[in-house]
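See below for the structure under consideration.
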Amino acid sequence: MANEPRDPMQLEEPMFILGNGEVYRNQTEVKMSQIVLPCHANYCGELSAGQLLKWMDSTACLSAERHAGCSCITASVDDIHFETTIGVGQVVNITAKVNRAFTSSMEVGVLVSCEDLFSDRHWKVCHAFATFVARRTEAGKVQLKQVIPRTQAEQMEYSLAAERRRMRLIHAEIINDLLSSCSSQTERSQEHLPQEMTVPAERTRVESVELVLPPHANHQVSTFGGQIMAWMENVATISASRLCNAHPTLRSIDMFHFRGPSHIGDRLVLKAIVNNAFKKSMEVGVCAEAYQGGEPLRHINTAFMTFEVLDNDRKPCTLPRIRPEPDGKRRFQEAIARKKIRLDRKYIISCKQSEVPLSVPWDPSNQMYLSYNNVSALKMLAARTNWVLTSEKKKVSLYTLEENQMLCFKVETHVAVAAEQVFLLLSDLRRRKAWDHHYQECEVITDSHEDDTIYQVVTPSVTKGGKVQDFILLASRRRPCDSGDPYMIALRSVTLPAYPPTEDYNRGEVLCAGFSIWEEENSFTKISYYNQATPGVLPYISTDIAGLSSSFYCTFASCSAFLEENKDSLASLPTSTL
């Protein structure tokens, strides 16, 4: 249940006592607690989502400014999914802290929880990631200082922040490509219902104007991003209400970017319309534009919000269907594509790693999120600090980790080869046959992206006299985001309709595996190989740790020899030959 009692310490990171006895608390952490009053609530007696967005933005901005030492503005906000609503009289607790700083921007993580003062229950409401940009000073562009993670949780978020930043940068391009290719497919999927059974989209159109006054702006006279989001949520709620003639509940907001600033004195024009209504939810598109005097409108932001209507048991009701106007068919069709993308994203990214199936179907609409999940899972595994050294031999160290019925391995070694060359040589799985006897055959199926390749790999049978195994593996490659980051090569199983399991092979599956490659001094490179799987899934898994150790030593001794033999070769990233 969304409001199930939980330990409040699980909802926010407390002060830590480090190994040296030092009491540590993140210096960028900012907390806000607000009791929900009737003036903050909507007609249902629940905290207005717009008010919550204002509080979240304010808390995140204060955290960003504490780190930057100067004023900051909201640049973007990742997807927000509201797990539950908050009632009048309950307390909202918001914690924000900077996960990572880049050149002039930084990612701020925001955790929102709710507290019932009478029952002492706590539960999570939502978790969001916002990007803030430090404003220029009189001295010029700001160069942000780096965040230094001190705990395992901070190290994990620091590492994942680079992957989330990459996804933000390519998000718009990939979404536009997907939407442009969806029209023919979605047109065929439309149901032709009688007009009396549908609601014309024009009925849901809302337009409103707001004058930006000093209370709506920060000390730099720029309109608070949270205030703009609150106004957008207001018109979106009106639009959704016109479709269903009921009080809708905001469930999610898709990732959005602020295209430009707004200032005191601006007239902010807000427009909303229901793009499409599905069985239990609807998508509302909202646009914010600004102007002063007779100047043309400036585009500030566009967002897509998903609403539901809940019955007395808090279950989603069935909604009326929408009938798009001639000029709204594109919005209608794109909403269908966005819904699929939204479900893929939630399914792949929001689930805990243990809840995601071993093999997830791959297609162009979810490739960005599969790649993100692939690399993020490896980074989370690499950030663990409770590895146990099992054995060590000939400069190869084997570590194990058993947790939640998962058996994980880490193999670590060093080579006198440049990290870039190691990355290039290990990135192409077709070269792995030269040093890993478990790889009998390997071919490129497709290059889904410049950083992602899908392979079919054939390995020996795990049992004597049994069938050989084959794997369909997604290999995701990442170069360092900053000088202190490793190269990453992440592997996980996917499914492709063109490559179903066959009688000739036992189809194997990989949950999480791959390499992190660290550049060290004097042209030395540290290589860490990780493997996370349930027993019986991978050819490496065995109940005989001694035999397993011997296998790893032989394999990675061969790997070291292979890398040193080819350290001067012209290696490149893999490309499809099919």
Q: Could you please spell out the steps behind the side chain to side chain donor-acceptor pair (under 3.5 Å) verdict for Q367 and D452?
A: CA-CA 9 Å; Q367 64 176 2; D452 299 288; over 6 Å; no
Rounded to the nearest 0.5 Å, what separates atom [atom1] in [X] from atom [atom2] in [Y]?
| X | Y | atom1 | atom2 | value |
| --- | --- | --- | --- | --- |
| S252 | M305 | OG | CE | 10.0 Å |
| F278 | I336 | CZ | CD1 | 6.0 Å |
| S461 | Q440 | OG | CD | 9.5 Å |
| M380 | E157 | CE | CD | 9.0 Å |
| L429 | Q456 | CG | CD | 12.5 Å |
| K410 | C408 | NZ | SG | 11.5 Å |

Which heavy atom in [X] sits nearest to a heavy atom in [Y], and how many Å separate them?
| X | Y | answer |
| --- | --- | --- |
| N566 | L425 | O-CD1, 3.8 Å |
| C72 | A134 | SG-CA, 4.0 Å |
| L370 | V494 | CD1-CG1, 4.1 Å |
| L398 | L389 | O-CD1, 3.6 Å |
| V110 | H127 | O-CD2, 2.9 Å |
| T59 | V30 | CG2-O, 3.7 Å |

Is [Y] paired with [X] through a side-chain N to carboxylate O contact shorter than 4.0 Å?
| X | Y | answer |
| --- | --- | --- |
| K567 | E565 | no |
| E83 | K124 | yes |
| D254 | K339 | no |
| K433 | E441 | no |
| R100 | D482 | yes |
| D485 | K379 | no |

Q) Can you list the steps and then say if T302 with F256 is a side-chain contact (heavy atoms from CB on, under 4.5 Å)? A) CA-CA 7 Å; T302 296; F256 60 86; over 6 Å; no
Testing the 3.5 Å rule here: is there a donor-acceptor pair between the side chains of [X] and [Y]?
| X | Y | value |
| --- | --- | --- |
| S528 | E412 | yes |
| N531 | Y529 | yes |
| S397 | E392 | yes |
| E283 | N275 | yes |
| E107 | N99 | yes |
| T502 | D504 | no |
| T390 | T400 | yes |
| R492 | N373 | yes |
| Y553 | S391 | yes |

Taking the side chain as C-beta and beyond, is there a heavy-atom pair between [X] and [Y] under 4.5 Å?
| X | Y | result |
| --- | --- | --- |
| R164 | F129 | yes |
| T453 | T446 | no |
| Q143 | T103 | yes |
| F132 | L144 | no |
| R430 | V444 | yes |
| V411 | V396 | yes |
| F423 | L426 | no |
| T555 | C559 | no |

Q | Qualifying residues under side chain to side chain contact (heavy atoms under 4.5 Å, CB included), relative to T385, sequence neighbours excluded | A | Q152
**Q.** Those residues that, when tested against A382, pass side chain to side chain contact (heavy atoms under 4.5 Å, CB included) (two or more places apart)
**A.** Y530
Check whether more than 12 heavy atoms from other residues, nucleotides or ligands sit under 6.0 Å from atom [atom1] of [X], and answer yes or no.
| X | atom1 | answer |
| --- | --- | --- |
| Q27 | CD | no |
| L169 | CG | yes |
| K280 | NZ | yes |
| E519 | CD | no |

Q) Which is it for R507 and S493 under the side-chain contact (heavy atoms from CB on, under 4.5 Å) test, yes or no, and what are the steps along the way? A) CA-CA 10 Å; R507 175 59 53 86; S493 287; over 6 Å; no
Q | Check: Y399 ring centre within less than 6.0 Å of F409 ring centre | A | no
Q) Does the cation-pi check pass for R477 over Y487, that is, NZ or CZ under 6.0 Å from the six-membered ring centre and within 45° of its axis? A) no
Q. Which word best sums up how the rings of F515 and W435 line up, parallel for under 30°, tilted for 30 to 60°, or perpendicular for over 60°?
A. perpendicular
Q) Using 30° and 60° as the class limits, which term best fits the ring planes of F556 and F552: parallel, tilted or perpendicular? A) tilted
With no hydrogens and no angle check, is any side-chain donor or acceptor of [X] less than 3.5 Å from a backbone partner on [Y]?
| X | Y | result |
| --- | --- | --- |
| Q421 | V417 | no |
| H67 | K145 | yes |
| N374 | L474 | yes |
| S523 | A416 | no |

Q) side-chain contact (heavy atoms from CB on, under 4.5 Å) with L563: which of T525, T413, V422? A) V422
Q: Show your reasoning for whether side-chain contact (heavy atoms from CB on, under 4.5 Å) applies to H437 and S558.
A: CA-CA 10 Å; H437 68 275; S558 298; over 6 Å; no
Q. Is there a side-chain contact (heavy atoms from CB on, under 4.5 Å) between E509 and F471 once you walk through the steps?
A. CA-CA 6 Å; E509 294 182 308; F471 298 79; 5.6 Å; no
